[in-house]
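Computed from heavy atoms alone, side chains included, the values below leave out hydrogens, waters and symmetry copies.
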Amino acid sequence: MIKVLVTGAAGFIGRAVCDKLLAQTDVQVVGIDNLNDYYAVELKHARLATLQGRPGFAFHKMDIADWPAMRQLFQAEKFDYVIHLAAQAGVRYSLQNPHAYAESNLLGFTNVLEACRHYPVKHLVFAGSSSVYGCGSSVPFSEDQRADHPVSFYAATKRANELMAASYSHLYDLPTTSLRFFTVYGPWGRPDMAPWLFTDAIFQGRPIKVFNHGKMQRDFTYIDDIVEGVVRVMEHVPTGELPHTIYNIGNHQPVELMAFIELTERLCGREAVKTYLPMQDGDVPITYAETSRLRQAVGFTPSTSLDSGMARFVEWFRSYHGM
Ligand SMILES: NC(=O)c1ccc[n+]([C@@H]2O[C@H](COP(=O)([O-])OP(=O)(O)OC[C@H]3O[C@@H](n4cnc5c(N)ncnc54)[C@H](O)[C@@H]3O)[C@@H](O)[C@H]2O)c1
């Protein structure tokens, strides 16, 4: 039996990772989340309801920035693996409320590292982000490119996490891996991201905001592919003098924003009312993952087509909203 801590278990990716782990009979999952109101708390509760009561699952409402609570949890549970997904997410919100990012992504992350140091685990896998490729990165983004010119505070905290983790890997021989996720979408997704925002607005006849006048590309990655990667990487523990690794996990197939909107319109059966706007501060015009490092390590890279992934998302969206 192995015991895995999943932080951010009520979140989009956290719920899906717990769901996958619980499908294995030899895994116990402890989920934690502070259930904050960055977006609808009822969605977080609804996600948790899909996990609670299942054999091998336990949930604690807890803030990763609360060191005494974290220490107590690690001391009591003796985790084998930690999958750390709790964070203040969102590029744009980091321009409005940087303190939320400092609290969860810097202080909270320090607590995760300290807990793993004092109550050793086999592997700490945590959520990085494609946003660390800021100014000066060339596409496709590969992990060996420099990532020292972030264009948002969110990206800066995510890059900081990688450097903080590398220091713990060096100092305390703690195996750590950062997974740089590329625009994740799918059932139980996030209401602050384009797939949800556009689908919702199209169904309600409200205008959608098309930034940079539509001249953007995103490497949209389906949730099941992300989860498959997370679970495989968990079991692929880095070794050597510095047991620290970084992998991109993206679809390796950037899509034009206007093509994405057309697809969403087709799936919703309605045309979107479009408001064209300039580029937003903190945004990048393109994301595009080079994924050969991940494939070499774990024999897998995301491959779900946007057409089939979005069809599943829109179907889920309708049923969640009773449409
Ligand atoms: N979804 C994406 O496209 C994407 C892309 C790149 C990186 N990421 C990263 O992946 C991780 C998961 O993202 P997501 O899309 O599931 O986001 P999410 O917001 O749905 O999930 C994060 C969860 O963490 C919880 N949380 C936040 N701060 C906390 C704290 N201090 N203590 C305890 N719980 C806390 C939230 O309540 C939320 O349920 C995040 O680290 C995010 O930055 C996501």
Side-chain angles (χ1 to χ4, degrees), residues 8 11-13 36-40 85-109 126-143 145-164 178-185 189-201 207-221 226 246 248-251 254-261 264 274-290:
F12 169 34
I13 302 172
N36 69 54
D37 64 359
Y38 167 60
Y39 60 77
L85 302 167
Q88 180 57 56
V91 166
R92 289 167 194 159
Y93 185 61
S94 72
L95 281 68
Q96 292 162 34
N97 188 1
H99 288 111
Y101 293 74
E103 178 89 356
S104 294
N105 304 7
L106 299 177
L107 176 58
F109 193 78
F126 63 96
S129 167
S130 62
S131 65
V132 301
Y133 299 105
C135 274
S137 298
S138 50
V139 289
F141 298 151
S142 61
E143 297 89 342
Q145 284 183 35
R146 295 183 72 116
D148 54 8
H149 196 154
V151 294
S152 70
F153 189 64
Y154 167 69
T157 65
K158 286 287 172 181
R159 182 68 183 119
N161 287 170
E162 294 178 343
L163 301 172
M164 292 157 83
S178 169
L179 281 173
R180 292 177 176 170
F181 300 142
F182 282 65
T183 317
V184 189
Y185 74 98
R190 265 188 25 219
D192 61 328
M193 292 182 66
W196 182 302
L197 288 170
F198 289 179
T199 303
D200 192 32
I208 62 169
K209 291 180 184 167
V210 184
F211 291 110
N212 205 27
H213 304 280
K215 288 188 216 66
M216 296 235 263
Q217 292 178 61
R218 283 291 175 272
D219 198 353
F220 290 99
T221 312
I226 291 288
I246 296 174
N248 286 337
I249 175 159
N251 217 37
V255 173
E256 294 277 353
L257 180 54
M258 295 316 292
F260 174 70
I261 293 170
T264 312
K274 302 169 195 85
T275 307
Y276 291 93
L277 295 166
M279 186 77 163
Q280 291 237 112
D281 276 348
D283 254 351
V284 291
I286 179 168
T287 64
Y288 180 2
E290 166 59 61

Where Thr287 and Ser130 come nearest, the two heavy atoms and their spacing: CG2-OG, 4.2 Å

Minimal non-hydrogen separation, Pro278 against Phe211, with atom names: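 Shortest heavy-atom separation between Pro278 and Phe211 comes out as O-CD2, 3.4 Å.
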
Would the distance check show the side chain of [X] and the main-chain N or O of [Y] forming a donor-acceptor pair, the cut-off being under 3.5 Å?
X	Y	answer
Gln145	Ser138	yes
Thr157	Tyr154	yes
Ser129	Ala127	no

Looking at [atom1] of [X] and [atom2] of [Y], how far apart are the two atoms once the value is rounded to the nearest 0.5 Å?
X	Y	atom1	atom2	value
Ser142	Asn248	OG	CG	7.5 Å
Met164	Phe126	CE	CZ	9.5 Å
Leu257	Ile286	CG	CD1	12.0 Å
Ile249	Leu179	CD1	CG	6.0 Å
Tyr93	Tyr39	OH	OH	13.0 Å
Tyr288	Asn251	OH	CG	11.0 Å

Close side-chain approach of Phe181 to Leu85, heavy-atom, < 4.5 Å: yes

Phe141 six-ring centre to Arg180 NZ/CZ under 6.0 Å and within 45° of normal: no

Test side-chain contact (heavy atoms from CB on, under 4.5 Å) applied to Arg218 and Val284, step by step: CA-CA 9 Å; Arg218 283 291 175 272; Val284 291; 4.2 Å; yes

Exercise: do Tyr38 and Asn97 side chains pair donor with acceptor under 3.5 Å: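 No, no side-chain donor-acceptor pair sits under 3.5 Å.
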
Given Lys274, Gln217, Lys215, the one that forms side chain to side chain contact (heavy atoms under 4.5 Å, CB included) with Met258: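 Only one of Lys274, Gln217, Lys215 forms a side chain to side chain contact (heavy atoms under 4.5 Å, CB included) with Met258, namely Lys274.
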
Listed partners of Ala155 passing side-chain contact (heavy atoms from CB on, under 4.5 Å), at least two apart: Ser131, Pro150, Ser152

